[in-house]
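Each residue takes its place number in the sequence, starting with 1.
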Amino acid sequence: MGEFIRFQSAVPNRRGQFPGVFAMANGLRDEGLLSKADERWLQIANANATSTYTDPTTVATDCYNAELNPGARSWFKAASLQLLDMTAEYLNLLDRHGIPWMALRSDNPGRLVYEDAVQVVAVPHTYPEHWPFRPAR
């Protein structure tokens, strides 16, 4: 399957979810916390990302549907170096604003509900369905 990387908040939001890197950057903008220069950079970076990469919801409209795919989240393919380079600039923005984030790596992020050349959307594994060990005796 290959290796996958996800950049997400280091702390959960009010709904207990861990937003991804783009949601966090856009959240800074939406809360009015960006300088004019950072706001302009984000506008250009988002436009570039939209024109370069597929929004999974335009192909698999229900990929993030909470009932069908609970907890679905995006992961980048580790071999997608151009996408990872672009994402580094978003991470720099978060760093400048003191927004804690973390990188997760996995060879199996869950049940895939969308895939293209650079990314997947996966529903995370659940307990007890995917827990491989028997209870202690």
What's the spacing between [X] [atom1] and [Y] [atom2] if we round to 0.5 Å?
{"X": "E3", "Y": "N108", "atom1": "CD", "atom2": "CG", "result": "12.5 Å"}
{"X": "S9", "Y": "Q17", "atom1": "OG", "atom2": "CD", "result": "11.0 Å"}
{"X": "F7", "Y": "L84", "atom1": "CZ", "atom2": "CG", "result": "5.5 Å"}
{"X": "H130", "Y": "R111", "atom1": "NE2", "atom2": "CZ", "result": "8.5 Å"}
{"X": "L34", "Y": "Q43", "atom1": "CG", "atom2": "CD", "result": "11.5 Å"}
{"X": "D85", "Y": "S80", "atom1": "CG", "atom2": "OG", "result": "10.5 Å"}

[Y] side chain reached by [X] side chain, heavy atoms, under 4.5 Å:
{"X": "Y64", "Y": "V113", "answer": "no"}
{"X": "D38", "Y": "L28", "answer": "no"}
{"X": "K77", "Y": "E115", "answer": "yes"}
{"X": "F22", "Y": "S74", "answer": "no"}
{"X": "R73", "Y": "P124", "answer": "yes"}
{"X": "V21", "Y": "L94", "answer": "yes"}
{"X": "F18", "Y": "M24", "answer": "no"}
{"X": "F76", "Y": "T87", "answer": "yes"}

Transitive ILVMFWY side-chain link [X] to [Y], under 4.5 Å:
{"X": "L83", "Y": "W41", "value": "yes"}
{"X": "L91", "Y": "F4", "value": "no"}
{"X": "V121", "Y": "V118", "value": "no"}
{"X": "I99", "Y": "L33", "value": "yes"}

Nearest heavy-atom neighbours spanning P56 and C63: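 Result for this residue pair: CB-SG, 3.9 Å.
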
For residues R6 and P19, report the shortest heavy-atom separation together with the two atoms involved.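 Looking at all heavy atoms of both residues, the shortest contact is NH2-C, 3.8 Å.
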
Examine distances only and state if a side-chain atom of T58 and a backbone atom of D55 form a donor-acceptor pair shorter than 3.5 Å.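 Checked: pair present.
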
Side chain N13, main chain G16, donor-acceptor under 3.5 Å: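 Side chain of N13 to backbone of G16: a pair is present.
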
Between Y90 and N46, do the side chains contain a donor N or O and an acceptor N or O under 3.5 Å apart? yes

Just checking, any donor-acceptor pair under 3.5 angstrom between side chains of Q119 and D116? yes

Show your reasoning for whether side-chain contact (heavy atoms from CB on, under 4.5 Å) applies to E89 and L93. CA-CA 6 Å; E89 295 302 315; L93 176 72; over 6 Å; no

Applying side chain to side chain contact (heavy atoms under 4.5 Å, CB included) between Y114 and each of T57, D62, V59, V120, report the one that passes. V59

Q82/Y53 under side-chain contact (heavy atoms from CB on, under 4.5 Å): CA gap, chis, key distance, verdict: CA-CA 11 Å; Q82 183 179 2; Y53 302 104; 3.5 Å; yes

